[in-house]
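Quick note: numbers below take in every heavy atom, side chains included, and nothing from hydrogens, waters or symmetry partners.
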Amino acid sequence: LKEENAVLRSKINKLQILSETQAEKMRKLEKKLEENKIKEEKEAQDLEAMVQHVEQNLQLMTKRAVKAENSAAKLRQENALLQAELRNSKLENEALRAAQAGLGVVKQNAEVALQHLLQVTTSSRASIRQLLSGAESLQLVADLLKSIDRISEVSEDGQ
């Protein structure tokens, strides 16, 4: 019985040692589990913080995109206005060039008309001189005819 007791005590000691070893392992595992829980909670918090940061960045990027789209729309409108203004300026420039060319033609026509007027004036003066000369000749003829009438009257009286 003693031997059996000794064997049983030996088994009990072994079981106690085994139990203490397993209890120590259990404590280590529980501690590790607790550390893992803490680590997971921290990772979860970090992940949550990262998610919030990403969401904030997305919101900022969305605001920037909206602002950029609005700015692009304004620039498109301004570009359209400037292009219309450019077209109008080109048309006005062409009209001014055409008017300038028209003024050149008018100036040239005025120069030709002036030359014709000078020619007409010169020929008119010559014609007036001829008329005056002809009128003087006619006056001379009229004076001669009067003289002839007087001479013939005196001759008829004095016959």
- Euclidean distance, E30 CD relative to K37 NZ, rounded to 0.5 Å: 9.5 Å

- Counting distance only, does the side-chain N/O of R125 pair as donor-acceptor with the main-chain N or O of T121 below 3.5 Å? no

- Would you indicate whether the side-chain heavy atoms of R97 and N93 approach each other to under 4.5 Å? yes

- Message: Once rounded to the nearest 0.5 Å, what's the spacing between atom OG1 of T62 and atom CZ of R64?
- Response: 10.5 Å

- 4.5 Å side-chain heavy-atom contact, L86 and L82: no

- Task: Report yes if the side chains of K14 and S10 come closer than 4.5 Å at any heavy-atom pair, otherwise no.
- Result: yes

- Less than 4.5 Å apart, any side-chain heavy atom of L91 and any of E94? yes

- Item | Separation between CG of N109 and CG of L114, rounded to the nearest 0.5 Å | 12.5 Å

- Is the closest side-chain donor-acceptor distance between Q139 and D143 under 3.5 Å? yes

- So do the side chains of L33 and L29 get within less than 4.5 Å of each other, counting heavy atoms only? no

- In this structure, are over 12 heavy atoms from other groups packed under 6.0 Å from Q108 atom CD? no

- Nearest 0.5 Å, what's the CD-NZ distance between Q100 and K107? 10.5 Å

- Item | With sequence neighbours excluded, residues passing salt bridge (charged side-chain N to carboxylate O under 4.0 Å, His left out) with E24 | R27

- Say you draw a straight line from CD1 of I12 to CG of L18; how long is it, rounded to the nearest 0.5 Å? 13.5 Å

- Just how far is it from atom CD of Q52 to atom CD of Q45, taken to the nearest 0.5 Å? 11.0 Å

- Item | Donor-acceptor pair, side chain of S133 and main chain of R129, under 3.5 angstrom | no

- Query: Does some side-chain heavy atom of Q115 sit less than 4.5 Å from a side-chain heavy atom of E111?
  - Reply: yes

- For E78, does the CD atom sit with more than 12 other heavy atoms under 6.0 Å from it, leaving out its own atoms? no

